[in-house]
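All figures in this text were calculated on a predicted structure; none of them were measured in a lab.
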Amino acid sequence: MGHSSPGGASQRRVRGVRVALVMARKAAPAATVGCALARCTAGFVPVVAAWLTKLVLDHLVEPGKGYAAMPWLAAGLAATGVMGAALPRVTGYLTAELERRVGLLATDRLYQAVARFSGLSRFEEPAFLNRLRLAQQAGGRTPAQAVNGTFALAQYAISVAGLFASLIVLSPVMAAVVVAAALPALAAQLALSRRRARTIWGVGVIERREMFYAGLLTSVQAAAETRLFGSGKFLHGRMMAERTAANSARRALDRRELLIQVVLAVFSATVAGAGLVWAIHQAARGALTVGDLSLFLATVAGVQSGLSAMVNEAALLHQQLLLFKHYLAVHNADDDLPAPVTPHSVPPLREGIELRDVWFRYSDEHPWVLRGLNLFIPAAGTTALVGSNGCGKSTVVKLVTRLYDPTRGAIYWDGVNVRNLPAAELRRRISTVFQDFMCYDLTAAENIVLADVGAERTRLGTAARDAGIDAALTALPDGYDTLLSRTYFSGADDDSTTGVVLSGGQWQRLAVARAFLRAERDVFILDEPSASLDAAAEREIQERLADLSHGRTTLMISHRLGTLRTADQIVVLADGQIAEQGDHVSLMADEGIYARLFRLQAKGYAEPGLRSGDALNGDATRPARPRSSIHLT
């Protein structure tokens, strides 16, 4: 987590408190003011109660003082009792309201910040993901808790100051001893809060892994494989190992805290006991009245408990601010894709997209995916990318859509560097079917409309018909309003029916329908758009894609080379560079990589012993291993 100077850390804590107070004032001004007033008022109650008790006892023990003031003293003592009983409840309600309202504002700001990240790199950084998880867990609570902790510190400070002043009147020496006894407790509690925050940070990584294994044990996506392969016991063991590790880290912290708290409690009790002995001795000598003895006992106990509460609140506030800094780090993080200094508008694509000497790797620790790639994708034409797995085809898609920026080199949209184009405006010019498309636990209509939120219902039907999924969706129990999930209910109070799960091919048609909803965009990117479809469905989709992409810039990726024959240019990638380029006829005539792969794949359809995956990846010389097969007739 890094180290910093005490002065810098103190400034960050003060800044954190200031940010939390500003958020509280914005989210719940009335609750914030009410909570502050209730806390401050509660701080005076024990001071007033101690002095009223002293005066009552002195009036009772010393008849010379008279009884005229007794009713007023008794009424004041009763009033402080009522306030002492009522104020904690009022404070509790206002604090809860403060947490709700500030939590809502903090959560809204957090996810607005997450949505502000234009690219994907943030979501592939383990350290950032751990920080994001802590921000999600604590971000909704810590601002309000920091505000409440600040007000609580003010309350206890008022009580301690008043009681301490009273104690000085009775015995300056005992006042100094009591305060001095609290200093080690303050240092110990602050050290514990820092250790507790470090433990939470370290345990956060472990708990993320635990949740990962728990998700594999409970998700429907993994259920088939874990049961078929019998891997559930292995995953369960991994999950329990992570839980055990997290428990061990917390246990070590709890043991350390127990030892420190016991030592501090014994020390505090010793100081209080010594003070009690001294006060009784002074009272026996007549140096203190009964009221003074009562006030002394109340002030010593009150100062000790108040200082202890202040120490605990300060430590808790310190811990909350240490966690709040993760929220602030996410909230204040810069966009992973820098915004253009002088942004250009994104005009309709007229000439084409050019990748010029593009080098790319996902991090400094990863190998290069693209190595000086030079590629021109002409407007109003179809470009197909071909190559073995891992050659960089999908990476090109992510770069063209500016989910990443090239590590070196540049990408141009009609001659303008895309770094000078607003990412959101650029993406509004593009429609895409990703290879790893999403299956949302939403209704069928919502699954389509996410591509163009606000689109009219008639357009959804048109897109679904173009994708060949309209009949299947219409036949669902609630048609397009059917929930496509067996994990959640629809959300209606009177509806506990489970949804419907589509087949892989139907989900892919839905993904294609999303792309068709944006069919009027300049650029059409299709990354394996028919990988889950049968041959007839694939042909149907390809024909519709050909109609929709006519006259538009289209970038296609497919392992089924037969679907790419009509492309204007076919680009074969190998080792992050262009190995071959041309149309189908010229590439077949060149007798190069593409021609070999195409013939191997065509031969694979005719000869069952050759696997199409081997053909595409160039493993034609390796015979297929014999394996058992299940034939459906």
Side-chain angles (χ1 to χ4, degrees), residues 118-120 335 337-358 373-385 393-406 409-434 437 448-456 458-460 462-463 466-467 511-527 529 541-557 564 566-571 581 583:
S118 302
L120 301 182
D335 195 347
L337 297 179
V341 178
T342 55
H344 295 68
S345 61
V346 184
L349 189 66
R350 301 300 184 194
E351 298 175 7
I353 301 171
E354 181 184 3
L355 286 75
R356 188 181 301 171
D357 192 28
V358 169
L373 180 65
N374 290 288
L375 172 63
F376 184 73
I377 304 171
T382 299
T383 299
L385 297 182
K393 302 185 299 296
S394 294
T395 299
V396 170
V397 171
K398 293 175 182 177
L399 291 173
V400 169
T401 54
R402 212 189 167 209
L403 295 174
Y404 298 94
D405 278 336
I411 301 175
Y412 296 89
W413 176 283
D414 278 351
V416 178
N417 193 323
V418 296
R419 285 191 173 95
N420 296 323
L421 303 177
E425 190 176 341
L426 173 69
R427 292 166 189 160
R428 280 195 288 269
R429 295 283 183 185
I430 301 172
S431 183
T432 309
V433 177
F434 286 106
F437 58 85
I448 300 174
V449 80
L450 284 175
D452 189 4
V453 177
E456 298 177 357
T458 54
R459 290 182 57 205
L460 304 187
T462 301
D466 290 339
V512 173
R514 279 198 292 272
F516 284 169
L517 193 63
R518 297 163 64 95
E520 76 284 355
R521 309 302 164 99
D522 293 19
V523 180
F524 222 38
I525 299 178
L526 308 168
D527 190 354
I541 290 294
Q542 290 296 332
E543 291 176 349
R544 187 57 188 147
L545 286 172
D547 293 338
L548 289 174
S549 61
H550 182 69
R552 288 191 174 85
T553 308
T554 304
L555 178 62
M556 292 186 65
I557 298 174
L564 307 178
T566 59
D568 298 302
Q569 70 168 343
I570 299 172
V571 178
Q581 186 172 357
D583 60 17

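- T553 places no side-chain N or O within donor-acceptor distance of the main-chain N or O of G381, the cut-off being under 3.5 Å.
- For the ring-ring contact (aromatic ring centres under 6.0 Å, His included) test, no residue two or more places apart in sequence or in another chain qualifies with F434.
- Partners of D405 by salt bridge (charged side-chain N to carboxylate O under 4.0 Å, His left out), not counting sequence neighbours, listed by chain and number: R402, R419.
- Here the closest non-hydrogen pair linking I430 and R518 is O-NH2, 2.7 Å.
- For the atom pair CD1 of I570 and CG of D583, the computed distance is 7.0 Å after rounding to the nearest 0.5 Å.
- Residues M556 and L385 fail the side-chain proximity criterion, which asks for heavy atoms closer than 4.5 Å.
- Shown here for P422 and P343, the closest heavy-atom pair between the two residues is CG-CB, 4.0 Å.
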Show your working on side-chain contact (heavy atoms from CB on, under 4.5 Å) between N374 and D357 and close with a plain yes or no.
-> CA-CA 5 Å; N374 290 288; D357 192 28; 4.1 Å; yes
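- Here the side chains of I411 and V358 are in contact, with some heavy-atom distance below 4.5 Å.
- At distances below 3.5 Å, at least one donor-acceptor pair connects side-chain atoms of R552 with backbone N or O atoms of R521.
- One finds the CG atom of L337 at 8.0 Å from the CG atom of L403 (value rounded to the nearest 0.5 Å).
- Without hydrogens or angle criteria, E425 side chain to V346 main chain gives a donor-acceptor distance under 3.5 Å.
- Distance alone, capped at 3.5 Å, is enough to place a donor-acceptor pair between the D414 side chain and the E351 backbone.
- Of the inter-residue distances, the one linking I557 atom CD1 with D527 atom CG reads 4.0 Å to the nearest 0.5 angstrom.
- How far CG of L375 is from CG of L355: 5.5 Å, rounded to the nearest 0.5 Å.
- Under a 3.5 Å cut-off, the side chain of R350 and the backbone N or O of A379 do not form any donor-acceptor pair.
- For the atom pair OG1 (T395) and CG (L373), the distance works out to 10.5 Å, reported to the nearest 0.5 Å.
- Here the closest heavy-atom approach between residue F524 and residue A515 is recorded as CE1-O, 3.6 Å.
- Distance OG/S431 to CG/D522: 11.0 Å, rounded to 0.5 Å.
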What's the verdict on side-chain contact (heavy atoms from CB on, under 4.5 Å) for V400 and V418, showing C-alpha distance, side-chain angles and the deciding distance?
-> CA-CA 9 Å; V400 169; V418 296; over 6 Å; no
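- Within 6.0 Å of the CD atom in E520, the count of heavy atoms belonging to other residues, nucleotides or ligands exceeds 12.
- A heavy-atom distance below 4.5 Å is not found between the side chains of T383 and T554.
- R459 is linked by a salt bridge (charged side-chain N to carboxylate O under 4.0 Å, His left out) to D452, counting only residues two or more places apart in sequence or in another chain.
- Side-chain contact check for W413 versus H344: every heavy-atom pair is 4.5 Å or farther apart.
- Across all their heavy atoms, N417 and Y412 have their closest contact at N-CD2, 3.5 Å.
- Heavy atoms only, all atoms of each residue included: L399 and P406 are closest at CD2-N, 3.9 Å.
- For the residue pair G119 and D335, the shortest heavy atom distance occurs at N-OD1, 4.4 Å.
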